Amino acid sequence: MFENSLEYAQQLDLEDNLSHLRDRYSIPQQKGCDIIYLCGNSLGLQPKLAKEYLLQELEDWAMLGVEGHFKSNNPWFSYHEWFANPLANLVGAKPTEVVAMNNLTVNLHLLLVSFYQPKGKRNKILFESTAFPSDRYALESQIHFHGLRPEDCLIELHTDSHGYISTESLLSKITEIGEELACVMLGGVNYFTGQWFDLEKITQKAHEVGAIAGFDLAHAIGNVPMNLHQWEVDFACWCSYKYLNSGPGAVAGIFVHEKFGDGSKLKRFHGWWGNNSKTRFKMGKEFQASIGAEGWQLSNAPVFNMVAHRAALEIFEEVGLTNLRRKSILLTGYLEFLLLEINRFHQKDLIKILTPANSDERGCQLSLQISTDGKNLFESMVKAGFLSDWREPDVIRISPVPMYNTFEDVWKTANFILEYFTSFYQRKTASTA
Ligand SMILES: *Cc1c(COP(=O)(O)O)cnc(C)c1O
């Protein structure tokens with residue numbers, strides 16, 4: 001279906017009706033040239049408008065002081081409210097089910113306070129063994145917080161030798177733990193393997209055994225389409241600096257299903273920003289919860305930290321995730337095709353793709369296990385202006401992002417790897433001759 005040539009890649013770029021978006025981002029430079037940036041899964045690129053938006057808020061602060069809460073161009077009192085619609089669109093939720101606040105791990109803790117309530121035998125949390133370390137630390141410390149032991153309560157699902165966790169094995173594990181399962185907490189898209197889990201089926205099964213279903217969507221949001229409301233997911237959290245391009249440490253977000261109303265039936269840590277906005281500034285003694293996810297807010301909105309998020313989400317609103325996803329499937333599919341060509345060309349299994357081949361089980365990212373000289377390959381790529389990321393002992397994660405990467409980027413990357421191995425084997429032959 002695809003062809004392995006630069007001309008073909010350039011033709012795909014010409015046919016790409018999203019190619020103009022690249023111009024809206026600052027592309028990092030090396031020796032006066034655009035870097036081929038394949039790290040959008042780690043830190044997305046800067047939308048050019050972010051600077052202007054930041055200057056606007058600095059200017060309003062300078063001119064208005066405290067009056068900026070209500071009189072600035074984008075009043076700070078309600079600044080976070082702007083995010084409800086775009087975030088709802090990205091995760092398939094109602095606007096009242098989402099809110100932009102804090103950072104990811106902070107939010108995971110706040111949500112676990114509400115949603116991990118061990119009772120008797122029902123005290124177990126199911127998660128994936130390749131979960132992001134921060135999630136593991138959060139889960140372990142929550143278990144300790146309840147006076148329990150992670151050895152007893154945290155159940156890890158291990159991947160098979162291909163780095164894969166099948167839906168069947170996930171669902172049967174949930175059934176097996178049954179009435180002892182308090183909560184499923186998985187990465188929606190696993191950060192290491194790039195596997196996208198079937199959140200709907202997992203949620204359904206968790207509910208069948210009476211457990212809560214929560215997900216960390218750090219690698220899913222802005223990457224794959226979701227329908228959290230319809231799937232009846234209980235809670236979710238995410239960060240915004242990966243596929244959402246909102247800058248290092250940018251404000252994160254949460255989803256809480258509307259079935260939890262004003263949250264009054266759950267345990268929760270409260271702060272004044274979770275108070276209903278109508279009475280928030282009345283400074284009363286009694287907490288009056290906002291309806292929906294807003295009730296989980298603690299503090300007033302970090303406006304400087306939200307400006308890039310706003311600039312970034314405006315572009316998602318304009319383009320729509322459906323269009324991005326269509327391109328993404330093609331772009332990652334093209335990368336996969338070219339990488340497998342390298343194996344074929346060298347008649348060796350140099351690259352094992354850990355990420356599922358089925359596009360319904362992955363987003364942008366491909367995780368490549370390199371059998372030969374991986375670390376040197378990675379370092380040569382960086383030197384030559386191809387930025388991806390390395391995970392010990394032998395994995396390169398590459399993420400062509402539909403928002404700003406091109407088919408030419410993908411072709412040049414695969415071609416670099418092909419030529420790297422060609423010269424690697426030439427050197428080897430020469431040294432043994
Ligand atoms: C990126 C990422 C994090 C990072 O957490 P922060 O609180 O934003 O530093 C946590 N969990 C997952 C799954 C991630 O991918």
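What you see is a predicted model, and the numbers here were worked out from it, not measured in a lab. Every number for a ligand or one of its atoms is a count from 1 in the order of the listing.
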message = Looking at Lys48, I want to see if its NZ is surrounded by more than 12 non-hydrogen atoms of other residues, nucleotides or ligands under 6.0 Å.
response =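 Counting other residues, nucleotides and ligands, NZ of Lys48 exceeds 12 neighbours.
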
message = Under a 4.0 angstrom heavy-atom cut-off, which atoms of ligand 1 come close to His219?
response = 15 (O)

ask   = Heavy atoms only: which of Tyr137, Tyr191, Trp238, Tyr241 is nearest to atom 9 (O) of ligand 1?
value = Tyr241

inquiry  = Check Arg22 with Asp34, please: is the shortest side-chain N to carboxylate O separation under 4.0 Å?
reply    =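 A salt bridge links Asp34 with Arg22.
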
request  = Keeping the roles fixed (side chain from Ser246, backbone from Ser240), state whether a donor-acceptor pair exists under 3.5 Å.
outcome  =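 Answer holds: yes.
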
query = Using a heavy-atom cut-off of under 4.0 Å, does the side chain or the backbone of Asp216 touch ligand 1, or both, or neither?
reply = side chain

query = What part of Thr105, side chain from CB on, backbone N/CA/C/O, both or neither, has a heavy atom under 4.0 Å from ligand 1?
reply = both

message = Side chains of Trp76 and Glu57 only: does a donor on one sit below 3.5 Å from an acceptor on the other?
response =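 Their side chains do contain a donor-acceptor pair, which is all the 3.5 Å distance test asks for.
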
Euclidean distance, Phe304 CZ relative to Tyr79 OH, rounded to 0.5 Å = 10.0 Å

task = Specify the protein heavy atom at minimum distance from atom 15 (O) of ligand 1: its residue, its atom name, and the distance to 0.1 Å.
result = Lys242 NZ, 2.5 Å

request  = Please report which non-hydrogen protein atom sits nearest to atom 11 (N) of ligand 1, along with the residue it belongs to and the distance in Å to one decimal place.
outcome  = Asp135 OD1, 2.7 Å

